[in-house]
2 protein chains.
Amino acid sequence: MQSQSKPHRTYQALRDQLAERIQNGVYSEYQKLPSERLLAEELDTTRLTLRDALFQLEIEGKVFRMDRRGWFISGRRLVFDPYLDKGFMTNVHEQGMTPDTKLLKLEEIKASSTLAKALKLAPGAGVYHLQRQRFINKRPVLVEDIYLDQSRFPGLRHTDINGSLSLVLKEVYSVSVAYSHIEITPVVFNALHAKQLQVSPGTPATLITRTSFDSQGLVVEYDKEYWVADILKIELATQSK
Amino acid sequence: MQSQSKPHRTYQALRDQLAERIQNGVYSEYQKLPSERLLAEELDTTRLTLRDALFQLEIEGKVFRMDRRGWFISGRRLVFDPYLDKGFMTNVHEQGMTPDTKLLKLEEIKASSTLAKALKLAPGAGVYHLQRQRFINKRPVLVEDIYLDQSRFPGLRHTDINGSLSLVLKEVYSVSVAYSHIEITPVVFNALHAKQLQVSPGTPATLITRTSFDSQGLVVEYDKEYWVADILKIELATQSK
DNA sequence: AAGTGGTCTAGACCACGTC
DNA sequence: ACGTGGTCTAGACCACTTG
């Protein structure tokens with residue numbers, strides 16, 4: 001009926017139709033959808049209109065794309081409590097999923113003015129830049145850039161940091177995080193990060209920026225995590241006031 | 001230069017170009033952009049490609065739309081600390097902006113099964129449903145649906161609740177919130193909410209779901225807030241561990 | 001080699017906001 | 001009344017993934 005009455009927003013109706021299919025389990029988690037051309041034909045619409053509907057669902061995190069590979073049904077989300085802020089490895093494990101980490105880059109750079117400000121250093125100071133990619137159940141879900149005061153962690157580059165960085169900092173350098181500032185912002189992946197995560201550029205992402213301090217208020221690390229938006233669920237409890 | 005080499009992703013370049021303009025203050029906060037047709041011509045592209053670029057910036061919250069009115073440059077964001085979770089009125093005031101509230105609906109309903117679960121009531125129990133629209137500097141920025149146990153707040157409908165609801169609950173019913181559970185999820189506005197906020201359906205939104213408890217662990221209210229995504233900035237600090 | 005997703009073209013119509 | 005944004009059509013080409 002709705003296809004005959006020519007409503008002036010077909011793609012919203014399409015979105016609802018697809019959302020319902022997902023809700024009803026017509027497609028299962030991580031299943032690949034039929035090709036856009038096929039699906040469009042099946043749903044009696046054009047490719048462009050179908051894509052509009054899929055983009056809506058992508059923003060909501062109900063489907064996700066892998067670049068040039070197609071559309072997939074999103075799976076269970078990882079619950080992230082920014083207040084507790086457990087490490088990635090721990091958090092993923094506790095929720096019955098399998099975490100993995102791959103070091104993409106470890107370099108020594110000079111602090112730009114923004115970076116210096118974040119780390120409370122002088123501009124030009126030596127800084128470690130780590131770039132890591134992290135996986136949940138083999139799916140790449142984030143890339144992160146970590147910046148550390150080089151003078152504070154000498155020889156860091158000769159250390160194995162494929163697991164928990166905070167563990168390394170604690171055991172090797174006796175530095176532990178007391179508290180941190182966290183910011184959560186919606187962004188889209190740029191070309192580089194998109195390629196690393198095998199998603200399309202322009203895919204919605206959640207940026208978590210974290211500045212960690214030790215008990216004396218010194219900056220331990222400055223961290224920018226770019227998450228694929230569909231995997232994350234932010235959930236927290238305030239304490240009694 | 002880049003416009004002559006025909007790269008295979010023009011809209012990303014466009015996005016960058018526009019983002020740069022915004023960054024450099026070519027447009028000022030809340031300024032309306034030229035019409036899509038004009039802007040497309042100026043930037044030597046088609047309307048559709050321009051829109052793709054604008055959608056990217058919309059997801060990032062750098063521009064926002066008002067339905068059928070056009071595209072606008074986003075302004076300063078409201079910082080929201082889910083852990084402190086001050087009330088809307090207080091929070092907006094403290095950041096030097098002007099809050100407003102409009103009651104859209106106040107009705108008595110029977111709890112659906114999901115609602116009953118959230119409020120820890122029996123299905124079919126009497127529930128107040130409040131719907132409010134809230135403004136920052138006259139711009140509508142959220143609609144919220146609030147649900148309360150009717151038996152616990154008799155006569156609520158005869159009370160003025162255009163300001164702070166928690167204040168009313170405290171002063172009239174001696175009930176105050178001790179802690180709450182908060183969930184933050186990206187969604188898109190449905191047709192109804194979009195209309196109420198004068199945004200286009202499908203606009204990115206941030207859904208904040210809050211369940212508030214009193215000191216005895218009883219549910220005080222269950223609240224779903226749909227925010228225009230560009231206005232919010234989530235920021236918090238963890239306490240010392 | 002074939003098919004796919006990503007991108008783009010060059011239009012069109014309509015409902016709505018604005019004047 | 002006019003122009004705008006929202007939506008849709010009917011194609012096309014290319015780079016890339018997949019078989």
Side-chain angles (χ1 to χ4, degrees), chain A residues 2-17 31-58 63-72 140 188-191 194-204, chain B residues 2-17 31-58 63-72 140 188-191 194-204:
Chain A
Q2 63 194 144
S3 62
Q4 296 183 15
S5 62
K6 285 205 177 184
H8 69 288
R9 212 149 29 222
T10 308
Y11 84 89
Q12 288 283 352
L14 256 187
R15 187 223 79 99
D16 295 343
Q17 193 177 345
Q31 182 180 336
K32 186 182 178 308
L33 289 176
S35 83
E36 293 178 354
R37 288 170 176 85
L38 275 178
L39 196 52
E41 193 179 2
E42 181 196 334
L43 297 171
D44 192 30
T45 184
T46 61
R47 229 185 115 201
L48 214 65
T49 304
L50 170 65
R51 277 172 69 87
D52 280 346
L54 288 169
F55 286 140
Q56 296 275 307
L57 294 166
E58 183 185 48
V63 302
F64 67 93
R65 274 186 290 173
M66 293 187 67
D67 195 41
R68 291 175 183 283
R69 289 175 180 78
W71 295 88
F72 299 81
V188 296
F189 284 114
N190 63 27
K195 193 157 209 168
Q196 291 170 330
L197 291 181
Q198 297 182 300
V199 301
S200 311
T203 300
Chain B
Q2 63 196 140
S3 62
Q4 295 182 12
S5 61
K6 286 206 179 186
H8 67 288
R9 214 151 26 221
T10 307
Y11 85 89
Q12 287 282 352
L14 257 187
R15 188 224 79 99
D16 296 343
Q17 194 177 343
Q31 183 180 334
K32 185 181 178 310
L33 289 176
S35 82
E36 294 178 353
R37 288 169 176 85
L38 276 178
L39 196 53
E41 194 180 2
E42 181 196 336
L43 296 170
D44 193 29
T45 184
T46 60
R47 230 186 116 201
L48 213 66
T49 304
L50 170 64
R51 277 172 69 86
D52 280 346
L54 288 170
F55 287 139
Q56 297 274 306
L57 293 166
E58 183 185 48
V63 301
F64 68 94
R65 275 185 291 174
M66 293 186 68
D67 194 40
R68 293 177 183 281
R69 288 175 182 79
W71 295 88
F72 298 82
V188 296
F189 284 115
N190 64 27
K195 195 156 210 171
Q196 291 170 331
L197 291 180
Q198 296 183 299
V199 301
S200 311
T203 300

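Remember, it's a predicted structure, so these values are computed and weren't measured experimentally. Residue numbers start from 1 in every chain, and the chains themselves are labelled A, B, ... in the order their sequence lines are given, proteins ahead of strands.
Here D/dT9 presents its P atom at 10 Å from CG of A/Leu14, a figure rounded to the nearest Å. Between B/Leu38 atom CG and D/dT4 atom C1' the separation is 10 Å, expressed in whole Å. Rounded to whole angstrom, the span from the CD atom of A/Gln12 across to the C1' atom of D/dC8 amounts to 14 Å. Across the protein-nucleic acid pair, B/Glu58 atom CD and D/dG5 atom P stand 14 Å apart, rounded to whole Å. Following rounding to the nearest Å, A/Arg47 (CZ) and C/dT4 (P) show an atom-to-atom distance of 9 Å. Here the P atom of nucleotide C/dC16 and the CD atom of B/Gln198 are 14 Å apart, to the nearest Å. Counting to the nearest Å, the C1' atom of C/dT4 and the CG atom of A/Leu39 are 13 Å from each other. Taking atom CZ of A/Arg37 as the reference point, atom C1' of D/dC14 lies 11 Å away to the nearest angstrom.
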Short N/O separations, protein against nucleotides 1-3 of chain C, under 3.5 angstrom:
none

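Under the rule for a side chain to side chain donor-acceptor pair (under 3.5 Å), the partners of B/Gln31 that lie at least two apart in sequence or sit in another chain are B/Ser28. Not counting sequence neighbours, the partners of B/Arg47 by the side chain to side chain donor-acceptor pair (under 3.5 Å) test are B/Glu36. Among residues two or more places apart in sequence or in another chain, the side chain to side chain contact (heavy atoms under 4.5 Å, CB included) test is passed with B/Ser200 by B/Arg65, B/Asp67, B/Thr203. Looking at residues two or more places apart in sequence or on another chain, you find a side chain to side chain contact (heavy atoms under 4.5 Å, CB included) between B/Asn190 and B/Leu192, B/His193. Qualifying ring-ring contact (aromatic ring centres under 6.0 Å, His included) partners for B/Phe64, counting only residues two or more places apart in sequence or in other chains: B/Phe72. In terms of the side chain to side chain donor-acceptor pair (under 3.5 Å) criterion, A/Arg37 has no residue partners (sequence neighbours excluded). Scored by the side chain to side chain donor-acceptor pair (under 3.5 Å) test, B/Gln196 finds B/Gln131 as partners (sequence neighbours excluded).
Between B/Arg65 and D/dG6 there is a side-chain N or O to OP1 or OP2 distance below 4.0 Å. Residue A/Thr46 places none of its side-chain N or O atoms closer than 4.0 Å to OP1 or OP2 of D/dC8. Contact between the side-chain N/O atoms of A/Arg69 and the OP1/OP2 oxygens of D/dT18 is found at a separation under 4.0 Å.
Side-chain contact check for A/Thr46 versus A/Leu50: every heavy-atom pair is 4.5 Å or farther apart. The closest side-chain heavy-atom distance from A/Leu54 to A/Leu33 is below 4.5 Å.
Across residues 48-56 of chain A, A/Leu48, A/Thr49 each have a non-hydrogen atom less than 4.0 Å from an atom of DNA chain D (numbered order).
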